[in-house]
Amino acid sequence: MVPVGCSVVLGSSGSCETIWDQIKIMGGPQRGATGQLIGVDGTDDIVKVDATLETKILDMVILAKLAYAY
């Protein structure tokens, strides 16, 4: 169960952390798509794909975090 006001619960300690990293999918059928990382479940990441607004559960090894120069 996710505590009130918490987007993601990480680990067995139940610590609350919000994740909104911009990512790029580097493998699989959605290769090249971008999205928002909205959660983590073990070795899987929960991603909201920008182009389709679908929520996908993807293996974290096929994802890359996008960095922006300011």
Side-chain angles (χ1 to χ4, degrees):
M1 185 165 114
V2 177
V4 174
C6 189
S7 296
V8 178
V9 177
L10 301 175
S12 58
S13 66
S15 61
C16 177
E17 189 171 314
T18 302
I19 300 174
W20 290 105
D21 290 335
Q22 186 71 20
I23 58 93
K24 185 166 189 173
I25 302 170
M26 305 302 288
Q30 292 90 17
R31 183 179 181 173
T34 59
Q36 296 283 326
L37 176 64
I38 59 173
V40 177
D41 182 21
T43 60
D44 294 326
D45 290 336
I46 304 164
V47 175
K48 185 172 184 179
V49 180
D50 291 335
T52 63
L53 300 179
E54 293 179 304
T55 301
K56 299 281 188 178
I57 299 174
L58 302 169
D59 194 328
M60 69 174 50
V61 299
I62 67 166
L63 302 178
K65 181 177 177 180
L66 294 176
Y68 297 97
Y70 294 100

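What's counted below: heavy atoms across the whole structure, side chains too, no hydrogens, waters or symmetry copies. Along the sequence shown, residues carry numbers from 1.
Taking OG1 from T34 and NZ from K48, the interatomic distance works out to 12.5 Å, rounded to the nearest 0.5 Å. In this structure, CD in Q30 is found 10.0 Å from CG in L63, a value given to the nearest 0.5 Å. Note: L58 CG to D44 CG = 8.0 Å, rounded to the nearest 0.5 Å. Rounded to the nearest 0.5 Å, atoms CD (Q36) and OG1 (T55) are 11.5 Å apart. A distance of 12.0 Å separates NZ in K65 from CG in D45, rounded to the nearest 0.5 Å.
In this structure, Q22 and D50 have side chains that are in contact, with non-hydrogen atoms separated by less than 4.5 Å.
V61 and I23 end up in the same hydrophobic cluster when Ile, Leu, Val, Met, Phe, Trp and Tyr side chains are linked at under 4.5 Å. Each of V47 and L53 belongs to its own hydrophobic cluster when Ile, Leu, Val, Met, Phe, Trp and Tyr are linked at side-chain heavy-atom distances under 4.5 angstrom.
Contact between A64 and M26 at its shortest, heavy atoms only, is CB-CG, 3.8 Å. Nearest heavy-atom pair, V49 versus K56, reported as atom, atom and distance to 0.1 Å: CG2-CG, 3.8 Å.
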